Number of protein chains: 2
Amino acid sequence: MTSSAEPVSRAERRKQELRREIIDAAFDCFAERGYHATGIADVAARLGIGHGTFYRYFQNKRDIVDHVVDDLVGRITGALTAENAPDAVSTLAEYREQSARIGESLGRIFGEDPRVPRLLLFEAPGIDRAMAERILDLFDLAAGLTSAYLSHGVELGYLRADLDVDNTARAINGMILGTAISSLRMPEAQAAQSEALRRVMYDGIAAT
Amino acid sequence: MTSSAEPVSRAERRKQELRREIIDAAFDCFAERGYHATGIADVAARLGIGHGTFYRYFQNKRDIVDHVVDDLVGRITGALTAENAPDAVSTLAEYREQSARIGESLGRIFGEDPRVPRLLLFEAPGIDRAMAERILDLFDLAAGLTSAYLSHGVELGYLRADLDVDNTARAINGMILGTAISSLRMPEAQAAQSEALRRVMYDGIAAT
DNA sequence: TCCGAAACTGACACGCGATTCCGTTCGAGT
DNA sequence: ACTCGAACGGAATCGCGTGTCAGTTTCGGA
């Protein structure tokens, strides 16, 4: 098994390394100058390689942005699912803790590097229809997850029985989205935003 | 006054008319095919005019998208401010009514024509930095408005005294954003979304 | 050290679309 | 009907960025 997973060494490893570096460099360029404004030559120049070399690793410009997005989406779905199953909690307090944990996790991804939300929310949707659909798919995925958490809470009785889980899930995800976007201009407000979000979510805004 | 507002007639009016038609056609094209994918020739062809004529009305491609966005932003800020002053209400019930009214107004704009949110949220931010900033400005403007509503409610005592008005405002606007984005794929869910949003906002999600 | 394959390079071909420009058309005033 | 200036159309210009390719370099193995 080890031999089949590592068919060759040395040069082969170098290739995978460069491939990764190209993806990272492309991410940098796309996030900084925007997808349409960066040329393949820019990406190659950043690595000090000839731009012809780029085409030995990726089909074309459109191809690589897909890989860049794959990477980011992977990171996010990882944060969303890692060590956080919907049915791992059984009380409101635990649920609150879990949502704080997930929120912190997302906050780290979005807040630490604003280029991530910028690329995902501001650049990607304008590339073409297919990419826009990918982003919408990501939203749907997130909505599905949140919805599952809510359903679980309704079943166990610590969330309102009449909760419209699907639409509420989308509303909550919208708040997260709002936080991510705010972090583009006010990265430092991250934590406060996150806290406000949870207050709205659990307590609403009305006076008691 | 009437004479100064109408310096000339006939031809002059035609010019303004065509100018408007170009803006509308550009909106159609940008929303359908995307900004980068549409050429000036496409816009001109849609109106059956030569593309050289376009340049008699607008400086360049970048120029017109600004006008298109002006138009949309105007419609939205209009809906947000029209007949809805933060201090026009004094009880939670009235506040609820007012927010429903504003929500319906926005829902009409976003829901009736998905091209509006598509252009504003998916196309515009990817055009260039300046345009992305404009969109962020729009978010900030909306946050400021919502914040004012919340502040007013806190002062009058029908909203939680410890409300973090600024960050809560952004969270709420995020939910609205989420609704607008959902409407891209599920325009029919508009109303339910809006209702779920308001429930979260006023009651939270926890069981009583 | 030498050989051949694989990787790299960057000049070049090419297509595309924004913008220009000038000959033509239109229309208001006489 | 005639003139003149403004508006129009679309062929031509121009620059740019993608993707290709043939020559060059690198490197592992004999």
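In the text below, chain A, chain B and the rest are named by the order of the sequence lines, each starting its count at 1. Since this is a predicted model, take the numbers as computed values, not measurements. Side chains are part of it too, since the values below use all heavy atoms of this structure and drop only hydrogens, waters and symmetry mates.
- Note: CZ (R62(A)) to P (dG19(D)) measures 12 Å, nearest angstrom.
- Regarding R19(A), its CZ atom lies at a distance of 16 Å from the C1' atom of dA7(C), rounded to whole Å.
- When side chains are defined from C-beta on, V69(B) does not count as touching D71(B), because their heavy atoms never get closer than 4.5 Å.
- Taking the ring axis of Y35(B) as reference, the NZ or CZ atom of K61(B) stays within 45° of it and closer than 6.0 Å to the ring centre.
- Atom-to-atom distance recorded for E188(A):CD and S182(A):OG is 10.5 Å, nearest 0.5 angstrom.
- In this structure, H36(B) places its NE2 atom 11 Å from P of dA18(C), rounding to the nearest Å.
- Of the residues in residues 39-59 of chain A, those with a non-hydrogen atom less than 4.0 angstrom from any atom of DNA chain D are G39(A), I40(A), H51(A), Y55(A).
- Separating the CZ atom in R46(A) from the CD atom in E21(A) is a distance of 12.5 Å, to the nearest 0.5 Å.
- Less than 4.0 Å separates DNA chain D from no heavy atom of any residue of residues 21-33 of chain B.
- Put simply, K61(B) has no side-chain N or O that comes within less than 4.0 Å of OP1 or OP2 on dT19(C).
- A donor-acceptor contact under 3.5 angstrom links the side chains of S194(B) and R198(B), judged on distance only.
- The ring-ring contact (aromatic ring centres under 6.0 Å, His included) test applied to F122(A) returns no partner, not counting sequence neighbours.
- Using a 4.5 Å heavy-atom threshold, the side chains of L197(A) and Q193(A) count as separate.
- Atoms CZ (R14(B)) and P (dA28(C)) sit 10 Å apart, rounded to a whole Å.
- The side-chain heavy atoms of F30(B) and R115(B), taken from C-beta on, include no pair separated by under 4.5 Å.
- Rounded to whole Å, the distance from NZ on K15(B) to P on dG27(C) is 15 Å.
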